[in-house]
Amino acid sequence: MTNFSSRLREQVLSWLDENVPIPRVKHILRVEQLSIELARYHDLNIQAAAQAGLMHDLAKYFQPDRLLEMAQQAGLTLDPVEIANPHLLHAEIGAIVAKEEFGVDDAVVLAAIRNHTLGAANMDAVSCVVFLADSLEPGRGQQSDLNRLRQLCYEDLSQAVYETCEYTLTQLIQAGKLIHPRAVQTRNWFLQASQDRLRLTRLSA
Ligand SMILES: Nc1ncnc2c1ncn2[C@@H]1O[C@H](COP(=O)(O)OP(=O)(O)O)[C@@H](O)[C@H]1O
């Protein structure tokens with residue numbers, strides 16, 4: 001397990017102070033906190049969830065040209081939706097910054113940073129927790145559907161990821177925005193995972 005020393009945490013906080021506006025730093029700290037809480041509840045690697053929560057938005061304020069250039073340098077294959085909206089690359093590029101700037105080499109942490117916006121089919125539980133924390137941290141609002149999703153995070157992680165994808169996708173459709181296919185793959189994979197578990201539960205009852 002990566003030892004997320006308080007010294008490294010201070011280094012990240014001081015970098016965030018320089019590169020990210022205060023309201024976004026507050027969001028990041030709430031994501032860190034909820035990631036820790038969910039990881040503790042589900043008996044996951046708390047250090048990994050905390051690190052990914054704290055570093056998920058490192059590239060949030062990088063300009064589109066910089067994101068595209070770094071993605072090209074890293075040899076990433078770009079989806080047309082990322083070319084139309086390079087901001088979506090901040091998750092992939094955030095993982096590169098975590099590695100290069102802070103020496104993070106834990107594959108679980110780097111995957112959770114990469115997966116925080118679009119998710120991924122079959123993403124691991126720490127990625128699920130950070131994905132959910134980013135969408136559902138208390139600063140996102142107190143609407144009843146958000147509060148129901150928050151409750152679901154403690155009952156069934158797969159179902160919570162599936163329903164959170166549905167929530168985000170519905171909002172994007174209503175706003176007439178492009179949808180990245182990876183978000184649809186995430187939704188489909190976690191829908192099937194939830195249904196399979198339900199079927200198994202019924203069979204064993
Ligand atoms: N599945 C998706 N497909 C296309 N665009 C998306 C998708 N999910 C999020 N976005 C867009 O990317 C932007 C960044 O998403 P996100 O990282 O969740 O941002 P924030 O933390 O600011 O809400 C959002 O404003 C949204 O418009």
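One-based numbering, in listed order, for ligands and for the atoms of each.
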Chemist: Starting from atom 7 (C) of ligand 1, which protein heavy atom do you reach first, and at what distance in Å?
Modeler: L172 CD1, 3.4 Å

Chemist: Output the list of atoms in ligand 1 that are nearer than 4.0 Å to some heavy atom of A183, sorted by atom number.
Modeler: 1 (N)

Chemist: Does the distance from a Lys or Arg side-chain N to an Asp or Glu carboxylate O, for R182 and E92, drop under 4.0 Å?
Modeler: yes

Chemist: Judging by distance only, is a nitrogen or oxygen of K60 under 3.5 angstrom from one on ligand 1?
Modeler: yes

Chemist: Looking only at protein heavy atoms, which one is nearest to atom 27 (O) of ligand 1, and how far off is it?
Modeler: K177 NZ, 3.6 Å

Chemist: Do N85 and L178 have side chains that approach each other closer than 4.5 Å (heavy atoms only, starting at C-beta)?
Modeler: no

Chemist: Looking only at heavy atoms of R140, does any of them come nearer than 4.0 Å to an atom of ligand 1?
Modeler: yes

Chemist: Between Y167 and Q171, is there a side-chain donor-acceptor contact under 3.5 Å, judged purely by atom types and distance?
Modeler: yes

Chemist: At less than 4.0 angstrom from any non-hydrogen atom of I179, what atoms of ligand 1 do you find?
Modeler: 3 (N), 4 (C)

Chemist: What is the distance from atom SG of C153 to atom CZ of R150, rounded to the nearest 0.5 Å?
Modeler: 9.0 Å

Chemist: In this structure, does ligand 1 have an atom that sits under 4.0 Å from one of the heavy atoms of R182?
Modeler: no

Chemist: Return the closest protein heavy atom for atom 4 (C) of ligand 1 as residue, atom name and distance.
Modeler: L178 O, 3.1 Å

Chemist: What atoms of ligand 1 come closer than 4.0 angstrom to any heavy atom of H90?
Modeler: 17 (O)

Chemist: Could you tell me which atoms of ligand 1, counted from 1 in the order shown, lie closer than 4.0 angstrom to a heavy atom of H87?
Modeler: 13 (C), 14 (C)

Chemist: Check whether the side chains of E37 and Y154 place a donor and an acceptor atom closer than 3.5 Å, and report yes or no.
Modeler: yes

Chemist: Please report whether the ring centroid of H90 lies less than 6.0 Å from that of H56.
Modeler: no

Chemist: Kindly confirm or rule out an N or O of D57 lying under 3.5 angstrom from an N or O of ligand 1.
Modeler: no

Chemist: Classify the side-chain pair E155/Q151 by whether it contains a donor and acceptor separated by less than 3.5 Å.
Modeler: yes

Chemist: If we only count heavy atoms from C-beta on, is the V109 to Q47 side-chain gap below 4.5 Å?
Modeler: no

Chemist: With only distance considered, is T117 within less than 3.5 Å of ligand 1 through an N or O on each side?
Modeler: yes

Chemist: For the residue pair F190 and M123, establish whether any side-chain heavy-atom pair is separated by less than 4.5 Å.
Modeler: yes

Chemist: Compare V81, L88, I28, D79 and give the one whose heavy atom is closest to atom 10 (N) of ligand 1.
Modeler: L88

Chemist: Taking NZ, NE, NH1 and NH2 as the nitrogens, is one of them in D105 or K99 under 4.0 Å from a carboxylate oxygen of the other?
Modeler: no

Chemist: Is the closest protein non-hydrogen atom to atom 15 (O) of ligand 1 under 4.0 Å?
Modeler: yes

Chemist: Using a 4.0 Å cutoff against the non-hydrogen atoms of L118, which atoms of ligand 1 qualify?
Modeler: 1 (N), 2 (C), 7 (C)

Chemist: So is N85 polar-close to ligand 1, meaning N/O to N/O under 3.5 Å?
Modeler: no

Chemist: Can you tell if the side chain of W15 reaches within under 4.5 Å of the side chain of F102, non-hydrogen atoms only?
Modeler: yes

Chemist: Taking the side chain as every heavy atom from C-beta outward, state whether L157 and L152 have any atom pair closer than 4.5 Å.
Modeler: no

Chemist: Would you say atom 2 (C) of ligand 1 makes contact with the protein, given that contact here means a non-hydrogen protein atom less than 4.0 Å away?
Modeler: yes

Chemist: Please write down residue, atom name and distance for the protein heavy atom closest to atom 18 (O) of ligand 1.
Modeler: D134 OD2, 3.9 Å

Chemist: If I apply the N/O under 3.5 Å rule, does R24 come out as touching ligand 1?
Modeler: yes

